[in-house]
Peer 1: 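I'd like to ask you about the structure that follows.
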Amino acid sequence: MEQHSISAGAGPMADASLATPGSQSAKSRRASLTAAIFLMATSAIGPGFITQTATFTSKLGAAFAFAILASIVIDFVVQLNVWRIVTLTRMRASDIANAAIPGTGYVLAVLVIVGGLFFNIGNIGGSGLGLNAMLGIDPKLGGAISALIAIGIFLSKRAGVAIDRLIIVAGVMMIVLTLYVATVSGPPVGDALYQTVLPATIDFATITTIVGGTVGGYITYSGAHRLLDKGTVGVENLGAVNRAALSGIAVTGLMRYVLFLAIIGVVASGIVIDISGKGANPAAQAFEAAAGNVGLRIFGAVLWFAAITSVIGAAYTSVSFLTAFKPDISERARNLATVVFIAVSLFFYVVITTPPAQMLVFVGGLNGLILPIGLSIFVYAAWARSDLMGGYRYPRWLLVLGAAVCALTWYMGYKSIGPIFALLTATA
């Protein structure tokens, strides 16, 4: 089972030679953990997250800080459980689901692939917005150019190494730039901290969308599947996996709050950000208001970088779920499936009339609705199927937290499904 689980993940982003868990050197393990951390982080702080933060900060003001705190807590529980269970079972998420509850792995695979497709439509839209802010290119054309570049990267024989390096650089650039904008925008830090714990309003649709945009759908499994592909599995690697999951959550949580502070500083100054007009780019407006034309251009570059890594991350993770239907799928077939996945995403992006920023908000909400389904299966597997983890006794406190978050995400999904799908029919 171990060999099958690992080899099934080999593909355009897998290493040329996958070390077995026992043979990993310290350097190799650090590299695999760093890759997993930043794959999760850049997926979680991609164009959708940036656009969602600008949109909801404009709507809710400082009260949006509570939604960020809620999303960080939920992310902590979700990622820690998922990363641990995947690495302990040495199986992909869909295989775990099928082993725990026969047939559910296929359902989960379909949901993640469909959700990943929608998310990739939004990611391509984000790349178009990035090139628009940076170079003034029409968003549709910019999205098409970006998708073609992503396809070229995936066809490269050295894609795994290249993407690992790209996502690390992208993450660092995003944090540095946002810290600068947060400093110059002069945010009302006191009010923001107060409403982090005592918000003026609580919006479940907003929380569901933010959670979906940072840990929902394919993002839930991106870092865990990356660890699996690199052979960082088993009880012997559990401590390192825990630290990596927590580090990834810390990076995304920091980025989330810093970006919020950057935008709330602009909003609090009285500047009105357009969040509904056709082709509106809320985050670009905020960065331009805070740092001028140079800030707008740099923001465009970083948004595009974030988008292109998210396009690749979404395609990589979504296609990894195809093994649920064809475990022996060849590397060539995976390459072709990935290219087709990106091409189909581009086609729908071109034909769909929903404004790019609005689409980015919608896809986060959609993945937030998918999240409780997969989490429910994982919590059950950890609770009732210790045999899948070699008899390992899973910590009950973590399971209780997982069950509580699972119930919360089901409730939030129920309360917010209407408002989320209304985004598709809203007119500009």
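The first residue in the sequence is number 1, and the count goes up from there. Both backbone and side-chain heavy atoms feed into the values below; hydrogens, waters and symmetry mates do not.
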Peer 1: Is there a side chain to side chain contact (heavy atoms under 4.5 Å, CB included) between Ile96 and Ile85 once you walk through the steps?
Peer 2: CA-CA 9 Å; Ile96 294 171; Ile85 294 170; 4.0 Å; yes

Peer 1: Of all residues at least two apart in sequence or in a different chain, which pass the side-chain contact (heavy atoms from CB on, under 4.5 Å) check with Tyr180?
Peer 2: Val184, Ala291

Peer 1: Checking Tyr392 now: which residues fulfil ring-ring contact (aromatic ring centres under 6.0 Å, His included) with it, not counting sequence neighbours?
Peer 2: none

Peer 1: Kindly write out the residues that satisfy side-chain hydrogen bond (donor to acceptor under 3.5 Å, both in side chains) with Ser247, not counting sequence neighbours, or none if the list is empty.
Peer 2: none

Peer 1: One pair to check against side chain to side chain contact (heavy atoms under 4.5 Å, CB included): Leu108 and Phe321. What are the steps and the verdict?
Peer 2: CA-CA 9 Å; Leu108 181 62; Phe321 275 80; 4.3 Å; yes

Peer 1: Any side-chain donor-acceptor pair under 3.5 Å between Thr252 and Arg256?
Peer 2: yes

Peer 1: Indicate every side-chain donor-acceptor pair of residues 143-150 with a distance under 3.5 Å to a residue at least two apart or in another chain.
Peer 2:
unit_1: Ser146; atom_1: OG; unit_2: Ser127; atom_2: OG; d: 3.3
unit_1: Ser146; atom_1: OG; unit_2: Gly142; atom_2: O; d: 2.8
unit_1: Ser146; atom_1: OG; unit_2: Trp304; atom_2: NE1; d: 2.7

Peer 1: Going by side-chain contact (heavy atoms from CB on, under 4.5 Å), name the residues that satisfy it together with Ser58, two or more places apart in sequence or in a different chain.
Peer 2: Val267, Ile273, Ile275

Peer 1: Could you please spell out the steps behind the side chain to side chain contact (heavy atoms under 4.5 Å, CB included) verdict for Asn81 and Val379?
Peer 2: CA-CA 8 Å; Asn81 274 293; Val379 169; 5.6 Å; no

Peer 1: Under a 3.5 Å cutoff, is there a donor and acceptor pairing between the side chains of Asn120 and Asn123?
Peer 2: yes

Peer 1: Less than 6.0 angstrom from the centroid, inside 45 degrees of the normal: does Lys140 satisfy that with respect to the ring of Tyr349?
Peer 2: yes

Peer 1: What are the two closest heavy atoms between Ala133 and Phe299, and how far apart are they?
Peer 2: CB-CD2, 4.3 Å

Peer 1: Between Met91 and Val86, does the side chain to side chain contact (heavy atoms under 4.5 Å, CB included) criterion hold? Intermediate values first, please.
Peer 2: CA-CA 6 Å; Met91 299 164 66; Val86 166; over 6 Å; no

Peer 1: Is a side-chain donor or acceptor of Arg84 paired with a backbone partner of Val241 at a separation under 3.5 angstrom?
Peer 2: no

Peer 1: Given 3.5 Å as the limit, does a donor-acceptor pair link the side chain of Asn98 with the main chain of Gly103, or not?
Peer 2: yes

Peer 1: Indicate the atoms forming the closest heavy-atom contact of Ala65 with Ala192, along with that distance.
Peer 2: CB-O, 3.6 Å

Peer 1: Going by ring-ring contact (aromatic ring centres under 6.0 Å, His included), name the residues that satisfy it together with Phe347, two or more places apart in sequence or in a different chain.
Peer 2: none

Peer 1: Quick one: which residue pairs count as a ring-ring contact (aromatic ring centres under 6.0 Å, His included) with a foot in residues 82-112, not counting sequence neighbours?
Peer 2: Tyr106-Phe325

Peer 1: Taking atom types as modelled, find out whether Thr317 and His225 have a side-chain donor-acceptor pair closer than 3.5 angstrom.
Peer 2: no

Peer 1: Which residues pass the ring-ring contact (aromatic ring centres under 6.0 Å, His included) test with Phe378, sequence neighbours left out?
Peer 2: Tyr221

Peer 1: Applying side-chain contact (heavy atoms from CB on, under 4.5 Å), name anything that partners Val405, two or more places apart in sequence or on another chain.
Peer 2: Ile74, Val77, Val78, Leu375, Thr409

Peer 1: Residues in ring-ring contact (aromatic ring centres under 6.0 Å, His included) with Tyr411, at least two apart?
Peer 2: Phe204

Peer 1: Please list, chain by chain and in numerical order, all residues satisfying side-chain hydrogen bond (donor to acceptor under 3.5 Å, both in side chains) with Thr104, sequence neighbours excluded.
Peer 2: none

Peer 1: State which residues pass side-chain contact (heavy atoms from CB on, under 4.5 Å) with Val339; sequence neighbours excluded, sorted by chain then number.
Peer 2: Ile151, Leu155

